[in-house]
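Notes to accompany the following structure.
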Amino acid sequence: MDRLNHIAQQFAGSSQISDIRAFGSGNINDTFLVTVVDDAAPHFVLQRINTNVFVQPALVMENMRIVTQHVCDKLECESAQSARRWAIPRVLLTTADRVGWVEPDGTYWRAISFIDGSQSIDIIQDLAHGREVGYALGRFHQLISDLDPAQLADTLVGFHITPQYLVDYQRVLATATRVGGVDVDYCLNFVQERQEWASVLEDAKSDGKLPLRPIHGDPKVNNVMICTTTHQAIGAIDLDTVKPGLIHYDIGDCLRSGCNPLGEETTAWEQVQFDTQMCRAMLTGYLSQAGGFLTADDYEYLFDAIRLIAFELGLRFFTDYLAGNVYFKVKYPQHNLDRALVQFQLTKSIEAQEVEIRSIIQDLR
Ligand code: GN1
Ligand code: MG
């Protein structure tokens, strides 16, 4: 705790720290909420960046700076017309004016502001919450839609490139020792049956149908901050994965997270279903903001995006299980296998409801 206190103090400046506690449910970084004696900004978020995943944390911070600056400038111009509050976390500097703090053991720490009066919710609550989460992604995309993606570094090479995850999977599988058992066999078959189709978005990208744009990268339900009084979405957090990509990764990720009412951590995987009513609510919220810049091709690939990102996350969890849990944090040895089963069941449910999901997309166009 002394050490944590010492690290937090680098970002707290002259404010006195009154509390530090573990915060959120991230699978990669370690996150803490720091409370300080300061009426104007009583909290901030302190994070240890997992440098096994983000090998160049300084570039992550640089992307974050570019995006937050762009959004702040735009919000300032818009503030007269916009009735709704929208906030973006600010990068806090150390007392030496740096964006990060490196400990003697090499760990990399950074701090960002906490959006006051808001909360992060892990599991979707109701249709109104779904619409807000969709709205938040649309608002975020709209705010960065005029930012040149070439300004952003690729801080996580291969992120959301499904064919690359398949290559990694085959490599891990070739030497895996954890093969065997009903669940593993099920997952092996599940992946096998979908290998051919898994390049659908990357093929559309190569064919020039889907352009690279700046994306969030991880717009799951709990990365949308909800106002504690109005219950409206007031910001998108976790900007580590902001980089050039396909907005389809984001849309797929947001929906696979929000349209699974049991949540991604459930152990009742056989009961997992994709909720199409929620899908309609989330897309309605999304398109209210982003509809203006989606092309006909963008719409054409929405269904595939929803199906693919659920499948891809299942594949990533399964691969990590086979590799011995080296990427995602786990609470028990089978955790990543259970998570994979959830995402594969969700994929199956999306596939079974293809006609309905496509007609929702058609309706909202
Ligand atoms: C990871 O760390 P967290 O929870 O914000 C992962 C996402 C997954 C998510 C699943 C950089 O995000 O891609 O969708 O877990 N982030 C990275 O919960 O791999
Ligand atoms: Mg994240």
Side-chain angles (χ1 to χ4, degrees), residues 124 127 130-131 133-138 140-141 159-166 190-213 215-221 245-262 264 272-316 340 342-365:
I124 206 90
L127 293 176
R131 205 165 39 245
V133 171
Y135 166 91
L137 181 61
F140 187 80
H141 279 172
F159 192 50
H160 289 312
I161 312 285
T162 317
Q164 186 56 50
Y165 289 117
L166 275 173
F190 198 90
V191 176
Q192 180 64 35
E193 286 166 1
R194 287 159 186 81
Q195 297 225 21
E196 297 288 302
W197 152 81
S199 60
V200 59
L201 291 186
E202 294 317 304
D203 291 347
K205 185 167 87 182
S206 311
D207 293 348
K209 290 182 182 157
L210 302 178
L212 277 184
R213 294 172 165 123
I215 63 161
H216 182 284
D218 191 13
K220 56 182 179 177
V221 168
L246 299 181
I247 55 169
H248 291 68
Y249 307 152
D250 276 355
I251 299 168
D253 195 57
C254 194
L255 292 185
R256 67 100 199 134
S257 160
C259 300
N260 169 10
L262 294 181
E264 61 184 82
V272 168
Q273 281 193 19
F274 184 83
D275 180 342
T276 52
Q277 250 195 308
M278 189 59 75
C279 171
R280 182 184 285 277
M282 294 184 78
L283 282 178
T284 303
Y286 177 75
L287 293 170
S288 75
Q289 298 302 299
F293 59 79
L294 292 201
T295 66
D297 278 332
D298 285 331
Y299 279 103
E300 282 313 313
Y301 285 94
L302 283 187
F303 173 77
D304 281 308
I306 297 167
R307 179 182 170 204
L308 186 71
I309 301 300
F311 170 74
E312 179 194 274
L313 185 56
L315 173 66
R316 293 171 62 201
V342 170
Q343 295 306 318
F344 287 159
Q345 189 70 7
L346 192 64
T347 309
K348 221 166 122 177
S349 174
I350 293 167
E351 291 166 351
Q353 299 181 91
E354 172 167 357
V355 173
E356 194 183 340
I357 298 168
R358 283 192 188 275
S359 99
I360 292 172
I361 295 167
Q362 192 56 34
D363 264 8
L364 297 175
R365 272 178 89 150

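Side chains are part of it too, since the values below use all heavy atoms of this structure and drop only hydrogens, waters and symmetry mates. Small disclaimer: the values here were computed from a predicted structure and weren't measured.
Remark: F311 pairs with W197, F344 by the ring pair (Phe, Tyr, Trp, His ring centres under 6.0 Å) rule, at least two apart or across chains. The side-chain hydrogen bond (donor to acceptor under 3.5 Å, both in side chains) check on Y135 picks up nothing, with sequence neighbours excluded. For Q277, there are no side-chain hydrogen bond (donor to acceptor under 3.5 Å, both in side chains) partners two or more places apart in sequence or in a different chain. For S359, the side chain to side chain contact (heavy atoms under 4.5 Å, CB included) criterion is met by no residue, not counting sequence neighbours. With sequence neighbours excluded, the residues satisfying side chain to side chain contact (heavy atoms under 4.5 Å, CB included) with L302 are H248, I251, Y299, I361. For Q273, the side chain to side chain contact (heavy atoms under 4.5 Å, CB included) criterion is met by S349, not counting sequence neighbours. Partners of T284 by side-chain hydrogen bond (donor to acceptor under 3.5 Å, both in side chains), not counting sequence neighbours: none found. A281 meets the side chain to side chain contact (heavy atoms under 4.5 Å, CB included) test with L127; sequence neighbours excluded. In this view, S206 satisfies the side-chain hydrogen bond (donor to acceptor under 3.5 Å, both in side chains) rule with no residue, not counting sequence neighbours. In this view, K220 satisfies the salt bridge (Lys or Arg N to Asp or Glu O under 4.0 Å) rule with no residue, not counting sequence neighbours.
Atom CD1 of I247 and atom CZ of F140 lie 12.5 Å apart (nearest 0.5 Å). Note that the CD1 atom of I306 and the CG atom of L283 stand 5.5 Å from one another [nearest 0.5 Å]. With rounding to the nearest 0.5 Å, the separation of CD1 in I309 from OG1 in T347 is 10.5 Å.
Here the side chain of S257 pairs a donor or acceptor atom with the backbone of V221 at under 3.5 angstrom.
For Q353 against F274, the heavy-atom pair with the smallest separation is NE2-O, 2.9 Å.
Contact annotation: the side chain of P261 never approaches that of M278 to less than 4.5 Å [non-hydrogen atoms, C-beta and beyond]. Between E202 and T162, the closest side-chain pair of non-hydrogen atoms is not below 4.5 Å. Side-chain contact between I360 and R358 is absent, with no heavy atoms from C-beta onward closer than 4.5 Å. Residues Y249 and I161 are in side-chain contact: their nearest non-hydrogen atoms beyond the backbone lie under 4.5 Å apart.
Residue pairs meeting the salt bridge (charged side-chain N to carboxylate O under 4.0 Å, His left out) criterion with at least one partner in residues 304-314, sequence neighbours excluded, are R307-E351. Sorted by first and then second residue, the salt bridge (charged side-chain N to carboxylate O under 4.0 Å, His left out) pairs involving residues 251-262 (not counting sequence neighbours) are D253-R256, R256-E264.
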- Determine, stepwise, if the pair D250 / R213 fulfils salt bridge (Lys or Arg N to Asp or Glu O under 4.0 Å). CA-CA 11 Å; D250 276 355; R213 294 172 165 123; over 6 Å; no
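Taking 4.0 Å as the cut-off between side-chain N and carboxylate O, E356 and R280 do not count as a salt-bridged pair.
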